[in-house]
Structure formats: C-alpha cells, structure tokens
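Just so it is clear, the structure is predicted and the values come from calculations on it, not from any experiment. Labels below follow one simple rule: chain letters A, B, ... track the order of the sequence lines, proteins then strands, and each chain is numbered from 1.
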Amino acid sequence: QKEVEQDPGPLSVPEGAIVSLNCTYSNSAFQYFMWYRQYSRKGPELLMYTYSSGNKEDGRFTAQVDKSSKYISLFIRDSQPSDSATYLCAMGQGGSEKLVFGKGTKLTVNP
Amino acid sequence: DGGITQSPKYLFRKEGQNVTLSCEQNLNHDAMYWYRQDPGQGLRLIYYSQIVNDFQKGDIAEGYSVSREKKESFPLTVTSAQKNPTAFYLCASSPTGHSYEQYFGPGTRLTVT
C-alpha cells in the first residue's frame, strides 16, 4: 500500500461548483497535512496546512483532516476558472524534514 | 521581492555530461530541498539541507550531488551516473522545524538527449 494515495483525475467542473479533492494515507504517524496548487509548468504553491484532525478555512478553501479514517480533503467553494490547476496533497511527521506527496489531481473549472 | 529563484527555466544537455541547477532564496530560511517531478508521479525528494555545510540524502539521491556553502544557495548537480535525468526539478525552502511550510521555486526543466 502506498503511503499517500490521490486520485489523479482529471476532474472537470462548471464554474461556481463546489470541488472536493481527497487523499488517503497509511502512515498513522503523519501529523501535518498540506495542500499545494500547481499551475502548468510552474512550481507548487502552498495553499493550506493543518495540524492534526479538524477543519481549517481560508476564503473559498476548506481543508479537512480525519485521522481516524486516514483521510484528508480540500473543498473549493464557488470554483473559478483560475482554480484550474493540479492540486497536490502532502504529509509529514513531527521531527522529520521529509514530506510525502500525493501524485496530484488535475482540476479544470469550465466557464 | 522575497522568494526562491531557479535558473535556467529550461536546460538541454547531451548524455554523459554533468549539469548544475541553480537555486537561490532570500527568505532567510535555514532548510532547503531538491525534488524531482515526473509525469504521473508525486514529488520525490533528492537531497535536503537543514543548515549550511550539511545535507542529507533523500529518497532518490543516486546520481545527484549537492553543496550548501551559503545559506541562500543550494545547487544541485545531475551527474552522468543518473540513469534517467530528464525531469522537472524543483527547489524549496522552509524555516527550521517547519518542513510543513515549504515554499517552492519555479522549477527547471532538464532534458538530456
């Protein structure tokens, strides 16, 4: 079983839709959970990070962590064409500099 | 303007040649990282450095070398021993102890023929 699994998509939605992006993981030692957005041929951009279980909201973005199910989600409300990108989840343990990344989900928001 | 710069954006080399990719940051971060990204694969860690003059191997260090002589700079050399060097290379940095807060550069696309 891979440490982090992420459905590659592609995912195509109409403008204004609510988008749900997800990752599952197997390592119960992960404590930090991150979401990155990567536009084509660019470096990833850190969107949000959360520690432990719960929700965190930032504008139209909500990150959710369920440690009991080893499942994390990123919700995008009122999606815009500018949200079209690949979204990467990443996870890390306390005391370690290493992060484990998912393969990314490609999202297209159609006007 | 604070950030991470990588140069060049595109790099072409012949097989058998070593090539060095540049990474510079002015964020005053202690930790720096090199990743490789291939189509359909997640980011894979090549090397990382938590402090000047010290660095550790990541998951795929074979065929690569690094140096960390200055806090701001962390160049990566792709040697002729790397079997599949064509890839998108990403440099990142983070504050010490905050590996969850990594900031990435724009990347260098290396093509070896």
[X] with [Y], same ILVMFWY side-chain cluster at under 4.5 Å:
X: Ile72(A); Y: Phe30(A); value: yes
X: Tyr47(B); Y: Tyr33(B); value: no
X: Ile46(B); Y: Leu11(B); value: yes
X: Trp34(B); Y: Leu45(B); value: no
X: Val52(B); Y: Val66(B); value: no

Measuring from atom [atom1] of [X] to atom [atom2] of [Y], what distance do you get when rounded to the nearest 0.5 angstrom?
X: Leu88(A); Y: Phe104(B); atom1: CG; atom2: CZ; result: 8.0 Å
X: Leu46(A); Y: Tyr103(B); atom1: CG; atom2: OH; result: 5.5 Å
X: Gln37(B); Y: Lys103(A); atom1: CD; atom2: NZ; result: 12.5 Å
X: Tyr32(A); Y: His98(B); atom1: OH; atom2: NE2; result: 8.0 Å
X: Met34(A); Y: Ser99(B); atom1: CE; atom2: OG; result: 6.5 Å

Report yes if the side chains of Phe101(A) and Tyr35(B) come closer than 4.5 Å at any heavy-atom pair, otherwise no.
->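 Of all side-chain heavy-atom pairs linking Tyr35(B) with Phe101(A), at least one is under 4.5 Å.
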Tell me, for [X] versus chain A, whether the close heavy atoms (under 4.5 Å) come from the side chain, the backbone, both or neither.
X: Leu43(B); value: both
X: Gln6(B); value: neither
X: Tyr10(B); value: side chain
X: Phe88(B); value: side chain

Is the NZ atom of Lys67(A) crowded by more than 12 outside heavy atoms at less than 6.0 Å?
->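 Yes, NZ of Lys67(A) has more than 12 neighbouring heavy atoms, counting only those of other groups under 6.0 Å.
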Flag yes if more than 12 heavy atoms outside Lys57(B) fall under 6.0 Å of its NZ atom; otherwise flag no.
->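 Counting neighbours around NZ of Lys57(B), 12 or fewer heavy atoms of other residues, nucleotides or ligands fall under 6.0 Å, so no.
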Which bit of Tyr51(A) is near chain B, if near means a heavy-atom gap under 4.5 Å: side chain, backbone, both or neither?
->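 Neither part; nothing is under 4.5 Å.
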For Pro44(A), is it the side chain, the backbone, both or neither that has a heavy atom under 4.5 Å from a heavy atom of chain B?
->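 Both the backbone and the side chain of Pro44(A) come within 4.5 Å of chain B.
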Is there a side chain to side chain contact (heavy atoms under 4.5 Å, CB included) between Leu99(A) and Tyr48(B) once you walk through the steps?
-> CA-CA 11 Å; Leu99(A) 299 183; Tyr48(B) 65 101; over 6 Å; no
Are the side chain of Tyr36(A) and the backbone N or O of Gln102(B) linked by a donor-acceptor pair below 3.5 Å?
->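 Pair found, side chain donor or acceptor close to backbone of Gln102(B).
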Residue, of Met91(A), Gln6(A), Gln38(A), that accumulates the most heavy atom pairs under 4.5 Å with chain B |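 Top option by heavy-atom pairs under 4.5 Å: Gln38(A).
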Heavy-atom pair count under 4.5 Å with chain B, highest-scoring of Arg41(A), Lys106(A), Glu45(A) =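 Option with the top pair count is Arg41(A).
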